[in-house]
Every structure is written in structure tokens, then in C-alpha cells.
Number of protein chains: 2
Amino acid sequence: MVVDLPREGEADALFHALADATRRDILTRVITAEQSVSALARHYPMSFAAVQKHVTVLERAALVTKHKRGREQVVHVNLDAVRRATRLLDAYEQLWRQRTTAIDRILKEDREGK
Amino acid sequence: MVVDLPREGEADALFHALADATRRDILTRVITAEQSVSALARHYPMSFAAVQKHVTVLERAALVTKHKRGREQVVHVNLDAVRRATRLLDAYEQLWRQRTTAIDRILKEDREGK
DNA sequence: TTAACGTACAACCACATGGTTGTAGATTTG
DNA sequence: CAAATCTACAACCATGTGGTTGTACGTTAA
């Protein structure tokens, strides 16, 4: 049972997006309830433009999407992307398991004199 | 059941370390079989020093550790860190699930000062 | 219609990042 | 021993990142 890891380009954007505390916090807030960019910006000690950039990074990683509602831009979470990241890391764990089970098998066969 | 996300500082280093294709590849190789830094370096079209830096980044994230063996520095994987990252993302998924619960509605109203 | 709000985007800045080369110190190997 | 190998680390460079301010434009509210 071979585990193949996802394409490299995707993962770059995904992990980069998650590698910032502000962006993870935005993600958490948006998971809890969709919000406009300006509503999000009020929660952080930085400019609106800075928050706008963070949302763009999350967007590039497909973790969120934006939809216009009047003059607002509402940020939605894309849970599939979160699941993709989780599965990506699961793949690393499985790689490890493949290695250890392979070693176990060899040791066992050795023990049984094969 | 409330899910608490890990400390921010840890996650920064973890995701940052994973946000580079070369580092993920190093991690994969080391999971498959422990290797010296110079052995790893032979696989990439970059200098030994560059690979050394990548290993340092993985080390800072606690994804790998180094042990001296003669004149070599052997890189080992730390699977616990991989698991920590996986659980971190699982927590986001759980947050999503909590979104529809009554408890989460109450917390949300509280956060909005109602 | 004006004023206020929400957004987009450009220009700019300090600093981190990913790469390089070069030098020096341990440790093996011939 | 001398030579080759592996590592550590500093200096340097181009580019990216996270932040700022300023300006412009569509939308809502008074």
C-alpha cells in the first residue's frame, strides 16, 4: 500500500499560509462565523491593509474564499483545504508506519529463519 | 467539549518548516532512513551549506534531531512533531464541527458582548 | 447629495529567507 | 604524516514577507 504525497506547489502555499499566528487566528474566526474583511481587521492591532494581505495569502492557499455582499467582502472558510493539509501530514505518518512495518516484517522473517 | 489550539510559537516554526518543498523532501528521506547531512545534500541541486540551513529549520521546529557519529552528523526524524502538526489541523476541523453546537453559539454571543 | 464606510492597490520600509562562497576545525583514510 | 571528508559558521546578495501610509473608487446611510 503506497502513499503518494500531494503535489509540491499546493503544499507550499498551504503551509506558508498556516505559518503565521494572525492568519491562523483569522482562519479560526472565519470557521466560527463568516465575517467581512473590515470586521476581521477590528480584532487585530494592525492596519486594514495588513489584514487584507493576510486574507489574500489564505485565499492563495484556497483556505478561504471571498464573496461580495453590498460594499463588504465576506470571507468564508474552505474546509476541504484544511482537510487536504491534514491528510498531507497523515501521509507522512503513514510513510513512517510503512518503514516500521517493513522493518518489523524483516526482523520477524529473520527470526523465523527465512 | 472545547478544543484548545496549541501555543502559537510552536505552530509558527512547524508550519514554516513544512512550507518548503526541499525541507519536506528531506523529511521524507529521513523518515525512510536516517542520513548524514552530506548524504542528504548530494540529492539536491544546491550547496551543502544550503541543505545545512534547511536541516536547521527542521531542527528548530523539532521535526528532526541531529546526532554525531564520527565526523558525520546524522539526521533523525521526530515523529511526535509530525503528529503534533496533524493534531493541530484536526483541531481546526473540530472547531468547524463545534460551530453548529449550542455551546459555540453561546460563546459567539459572549464574544460579541451580548 | 454629501458623508461615511469598505475595499483595492500602489509605494515604501525593515527584516527574514534561501541561496551563494569562503574559511576553519574535527575526524577518517591512504 | 598528508590528504580527503564532514561539519560549522560568517559574510554577502537577491528576493520575499509583514507591516505601514496614501489614494481612488464603489456602496450605503443621513
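The sequence lines fix the lettering, A, B, ..., with proteins before strands; numbering per chain opens at 1. Computation of the quantities below employed the complete heavy-atom set of this structure, encompassing side-chain atoms and omitting hydrogens, waters and symmetry-equivalent molecules.
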Could you give the CG-to-P distance, from L40(A) to dA8(C), as a whole number of Å?
12 Å
Nearest whole angstrom, please: distance from the P of dG16(D) to the NE2 of H16(A).
12 Å
Taking 4.0 Å as the cut-off, does a side-chain nitrogen or oxygen of R42(B) come that near to OP1 or OP2 on dC6(D)?
yes
K68(B) NZ to dA8(D) C1', in whole Å, measures 10 Å
Any heavy-atom pair between the side chains of L63(B) and L14(B) that's under 4.5 Å?
yes
If you look at every strand shown and take non-hydrogen atoms under 4.0 Å, does S36(B) touch a base, only sugar-phosphate, or nothing?
sugar-phosphate
N/O (side chain, S47(B)) to phosphate O (OP1/OP2, dG19(C)) under 4.0 Å
no
Over all atoms of both residues, closest heavy-atom pair of D20(A) and H54(A):
OD1-CE1, 3.7 Å
Please name the residue in the list R23(A), K66(A), K53(A) that meets the salt bridge (charged side-chain N to carboxylate O under 4.0 Å, His left out) test with E59(A).
K66(A)
Sorted by number, residues from residues 49-66 of chain B placing a heavy atom under 4.0 Å from DNA chain C are A49(B), A50(B), K53(B), H54(B)
Parallel under 30°, tilted from 30 to 60°, perpendicular over 60°: which one fits the rings of F15(B) and F15(A)?
parallel
Measure CZ/F48(A) against C1'/dA4(C) and give the value in whole Å, please.
14 Å
Quickly work out the R71(A) CZ to dA4(C) C1' distance and round it to whole Å.
7 Å
It should be established whether S38(A) places a side-chain nitrogen or oxygen under 4.0 Å from OP1 or OP2 of nucleotide dC5(C).
no
If I take atom CD in residue Q73(B) and atom P in nucleotide dT7(D), what distance separates them, rounded to the nearest angstrom?
7 Å
Touch class at under 4.0 angstrom, heavy-atom based, for R23(B) against every strand present
sugar-phosphate
Length of the line joining D12(B):CG and dT17(D):P, which is rounded to integer Å:
15 Å
Between D20(A) (CG) and dT17(D) (P), how many Å, whole number?
12 Å
